[in-house]
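Just so it is clear, the values below take in all heavy atoms, side chains as well, and ignore hydrogens, waters and symmetry mates.
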Amino acid sequence: QVQLVESGGGLVQAGGSLRLSCAASGSFFSINTMGWYRQAPGKQRELVASITNGGGVNYAYSVKGRFAISRDNAKNTVYLQMNSLKPEDTAVYYCNADVVTRPYRNIVGYWGQGTQVTVSS
């Protein structure tokens with residue numbers, strides 16, 4: 001069984017910063033791509049940023065230049081540094097990981113439970 005545990009959400013004023021963390025635990029071979037998604041009330045879940053196990057990154061246009069994704073492969077942890085936050089960044093943020101599972105190396109996508117980020121104007 002694989003678990004993703006997120007932390008770091010909260011309430012911040014516009015222009016402020018937050019750092020989200022997501023740690024994977026359990027028994028698995030490795031993790032391929034890790035990413036952050038968000039879902040605002042009444043909207044579909046959308047990709048915010050992703051990072052491959054080799055360090056290749058991808059960002060949604062709306063967060064480019066403000067957010068930075070990184071990972072620590074030794075700790076199976078992905079981070080999202082969010083700067084210059086805007087009210088429209090308010091959403092539940094979810095961590096996602098493509099895990100190479102035991103024993104047959106099937107790749108399975110796992111989700112965290114979500115963490116609320118609220119940006120006040």
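- Closest non-hydrogen pair, V117 versus G9, comes out as CG2-CA, 4.2 Å.
- Of all the heavy atoms in A49 and L80, the pair that sits closest is CB-CD1, 4.2 Å.
- Proximity of C95 to V78: side-chain heavy atoms (C-beta onward) are separated by under 4.5 Å at one or more points.
- In this structure, D98 contributes its side chain and I107 its backbone to no donor-acceptor pair below 3.5 Å.
- Going from atom CG of L18 over to atom CD of Q81 covers 8.5 Å, rounded to the nearest 0.5 Å.
- Residues T33 and N53 form no side-chain contact, since every pair of their non-hydrogen atoms from C-beta on lies 4.5 Å or further apart.
- Across V63, N58, N96, a single residue satisfies side chain to side chain contact (heavy atoms under 4.5 Å, CB included) together with L47, and that is N58.
- Listed here is the closest heavy atom pair of S121 and A14: CA-CB, 4.4 Å.
- Cluster membership for F28 and L4, using ILVMFWY side-chain heavy atoms within less than 4.5 angstrom, is shared.
- Two residues are said to be in side-chain contact when any heavy atoms from C-beta on lie closer than 4.5 Å; N32 and V100 meet this criterion.
- Of the N and O atoms on the side chains of R66 and S84, not one donor lies less than 3.5 Å from an acceptor on the other residue.
- A cation-pi arrangement is absent between R38 and Y94 under the rule of less than 6.0 angstrom and at most 45 degrees off the ring axis.
- Between the CG atom of N76 and the OG atom of S25 there is a distance of 9.0 Å, given to the nearest 0.5 Å.
- Of all the heavy atoms in A40 and A91, the pair that sits closest is N-CB, 3.8 Å.
- Formation of a donor-acceptor pair under 3.5 Å by the T90 side chain with backbone atoms of V119 is found in this model.
- Between C22 atom SG and Y110 atom OH the span is 13.5 Å, to the nearest 0.5 Å.
- Side-chain N or O atoms of R105 include none that pairs as donor or acceptor with a backbone N or O of F29 at under 3.5 Å.
- Between the side chains of N106 and T101, not a single donor N or O lies within less than 3.5 Å of an accepting N or O.
- Note that CH2 of W36 is 8.5 Å distant from CE of M34, once rounded to the nearest 0.5 Å.
- Proximity of a side-chain donor or acceptor of E6 to a complementary backbone N or O of G114 within less than 3.5 Å is detected.
- A tilted orientation is assigned to the rings of Y93 and F67, their planes being inclined by 30° to 60°.
- If you take OG on S21 and CZ on R71, they are separated by 14.0 Å, rounding to the nearest 0.5 Å.
- T118 and Q116 are linked by a side-chain donor-acceptor pair at a separation below 3.5 angstrom, with hydrogens and angles left out of the test.
- V12 and V48 end up in the same hydrophobic cluster when Ile, Leu, Val, Met, Phe, Trp and Tyr side chains are linked at under 4.5 Å.
- Counting heavy atoms from C-beta on, the side chains of D89 and M82 never come closer than 4.5 Å.
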Checking Y59 against I69 for the side chain to side chain contact (heavy atoms under 4.5 Å, CB included) test, could you report, in this order, the C-alpha distance in whole Å, the side-chain angles of both residues, the deciding distance, and whether it holds? CA-CA 9 Å; Y59 294 98; I69 190 170; 3.5 Å; yes

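- In this structure, Q44 and Y37 have side chains that are not in contact, with every pair of non-hydrogen atoms separated by 4.5 Å or more.
- Taken from CD in Q113 to CD in Q3, the straight-line distance is 9.0 Å, to the nearest 0.5 Å.
- Atom CD of E46 sits in a crowded spot, with more than 12 heavy atoms from other residues, nucleotides or ligands closer than 6.0 Å.
- Between the S62 side chain and the A60 main chain, no donor and acceptor come within less than 3.5 Å of each other.
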